[in-house]
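Start at 1 with the first residue, then count along the sequence. Counting starts at 1 for both ligands and their atoms, in listed order.
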Amino acid sequence: MDRIRIVGGNKLNGVIPISGAKNAALPLMIASLLTDDTLTLENVPHLADVEQLIRILGNHGVDISVNGRRERQGESYARTIHFTCRNIVDTTAPYELVSKMRASFWVIGPLLAREGKARVSLPGGCAIGTRPVDLFIEGLQALSANIEIDGGYVNATAPEGGLVGARYTFPKVSVGATHVLMMAATLANGTTVLGNAAREPEVVDLANCLNAMGAKITGQGTPTITIEGVRSLSGARHRVLPDRIETGTYAMAVAMTGGDVILEDTNMALLDTALEAIRRAGAEITETNSGIRVVRNGAGIKPVDIVTDPFPGFPTDLQAQFMGLMTKANGTSHITETIFENRFMHVQELARLGAKISLSGQTAKIEGVSRLKGAPVMATDLRASVSLVIAGLAAEGETMVSRVYHLDRGFERLEEKLTRCGAHVERVSD
Ligand code: EPZ
């Protein structure tokens with residue numbers, strides 16, 4: 001199994017190209033189930049989760065062709081992928097596939113909207129929390145779906161004539177449930193109004209792509225999304241938006257090590273709140289023609305308190321990385337996680353590098369230390385694992401991160417991107 005070996009102490013200087021967003025690519029790929037025409041997605045990142053979803057969509061009858069091409073010599077391998085689902089050949093998403101990646105549960109929306117039925121395995125919990133699917137079920141029921149749960153599967157059927165548009169207000173903001181209800185409602189009879197919808201940029205990206213396919217969606221990016229149902233959707237060509245979590249992660253890495261890096265092909269509007277927190281921690285962040293410049297020269301890292309929240313708040317997917325940064329702050333900071341109940345597994349691993357962190361309920365108190373020391377550590381989930389990389393970059397000596405398959409789910413060519421900026425990071429295959 002691969003491991004990542006980091007020898008800390010180097011500053012980061014150079015250019016890091018930012019990939020297309022994993023969390024936009026996944027729902028966009030799933031949207032291909034809504035049409036018998038071809039959906040072409042550009043800037044699709046090469047990640048384990050994308051490959052897994054390709055297998056899942058193939059199972060439902062989506063024909064997939066990849067035009068790998070080097071967009072810029074040696075820098076980005078973003079791919080253009082064509083998805084064509086002439087016929088849905090199977091409306092069942094089995095446990096073996098859904099349990100590997102939670103987002104595959106989202107196929108329930110398009111399958112139900114296009115075929116009138118879907119049988120999708122419950123995803124189960126995961127390392128960061130229980131992650132129930134009650135909001136998906138309630139929302140689809142509001143669109144007149146009949147839903148039964150049996151033997152670990154959700155069996156959903158639409159009424160004769162298809163789903164029926166309705167008003168539904170989410171009792172809690174959910175990115176996934178917003179994606180699914182929005183996709184399902186595109187082919188429903190009549191108008192659907194979703195209240196308290198997620199406002200994440202990935203939701204806006206999906207809505208924009210669906211509109212390019214002929215859907216009639218307005219209000220994306222606000223808490224109220226209106227979807228006027230249409231008879232059918234066509235194909236489209238759409239470019240996946242930049243990955244704001246990857247952007248924030250590398251910005252925090254530079255804030256941690258010091259240095260001067262341009263994050264290319266991304267933009268500040270995707271992560272204002274997180275960038276503001278990084279600025280307060282002592283980095284200078286400016287917009288450039290090609291992306292974002294992050295600089296920290298001289299000054300130390302200042303302690304900053306943050307609370308995670310749905311967009312536009314501080315993203316939970318950057319919480320672990322920010323904690324990594326705060327381990328070396330000149331003082332004490334507090335990080336409160338409000339989205340997932342168990343997203344602190346990195347605390348014990350950061351402690352192995354010498355971090356001083358104590359937990360009280362959903363809040364972590366981080367007492368900054370002047371030096372971290374490299375150690376063997378274990379990745380526990382995608383974002384937790386990259387927080388160990390950030391800490392390792394500033395630790396003295398060698399940090400060996402095991403279970404890097406977590407990293408490969410969401411960070412494209414991480415070791416290469418960091419090495420090109422002067423870090424000492426390598427993949428070790430046993
Ligand atoms: C998406 O997950 C992201 N995944 C997550 O990124 C991200 O952490 C999360 O949104 C929050 O921003 C993808 O986009 C593929 P939610 P999702 O539904 O949609 C609760 C990463 O590292 N909830 O917005 O599954 C839920 O338990 C991943 O890339 C219910 O209670 O998250 C959580 O507490 C990890 N009932 C909260 O809502 C439901 O039916 C928000 O979850 C659905 C969700």
For residues 175-184, please give each side-chain donor-acceptor pair under 3.5 Å, one per line with the distance, not counting sequence neighbours.
| residue | atom | partner | partner atom | Å |
| --- | --- | --- | --- | --- |
| Thr178 | OG1 | Ser174 | O | 2.6 |
| Thr178 | OG1 | Ala198 | N | 3.1 |

**Report entry** Electrostatic pair Glu202:Arg244 at N-O distance under 4.0 angstrom
**Finding:** yes
Query raised in the report: So does Arg427 pair up with Asp408, basic N to acidic O under 4.0 Å?
Result: yes
Report task. Compute the shortest N/O to N/O distance between Val175 and ligand 1 and return yes if it is under 3.5 Å, no if not. Result -> yes
**Report entry** Candidate with minimal heavy-atom separation from atom 33 (C) of ligand 1, of Asp381, Ile339, Leu318
**Finding:** Ile339
Query raised in the report: Is there a side-chain contact between Thr332 and Ile366 (heavy atoms, below 4.5 Å)?
Result: no
Requested in this report: Using non-hydrogen atoms of the residue, decide whether Phe170 is closer than 4.0 angstrom to ligand 1.
Outcome: no
Requested in this report: Please indicate whether any nitrogen or oxygen in Arg343 is less than 3.5 Å from any nitrogen or oxygen in ligand 1.
Outcome: yes
Query raised in the report: Is the shortest side-chain N to carboxylate O distance from Glu246 to Lys417 below 4.0 Å?
Result: yes
Query - Min N/O separation Pro132 to ligand 1 under 3.5 Å - result: yes
Query raised in the report: Quick check: does Ser174 get an N/O under 3.5 Å from an N/O on ligand 1?
Result: yes
Report task. Find out whether Pro171 and Asn196 are in side-chain contact, i.e. whether some heavy atom of one side chain is under 4.5 Å from a heavy atom of the other. Result -> no
Requested in this report: Using distance alone, decide if ligand 1 has a nitrogen or oxygen within less than 3.5 Å of any nitrogen or oxygen in Asn23.
Outcome: yes
Report task. Would you check the N or O atoms of Leu135, main chain and side chain alike, for any that come under 3.5 Å of an N or O of ligand 1? Result -> yes
Report summary line: Looking only at non-hydrogen atoms, the one of Pro171, Gly176, Ala21 nearest atom 19 (O) of ligand 1 is Gly176
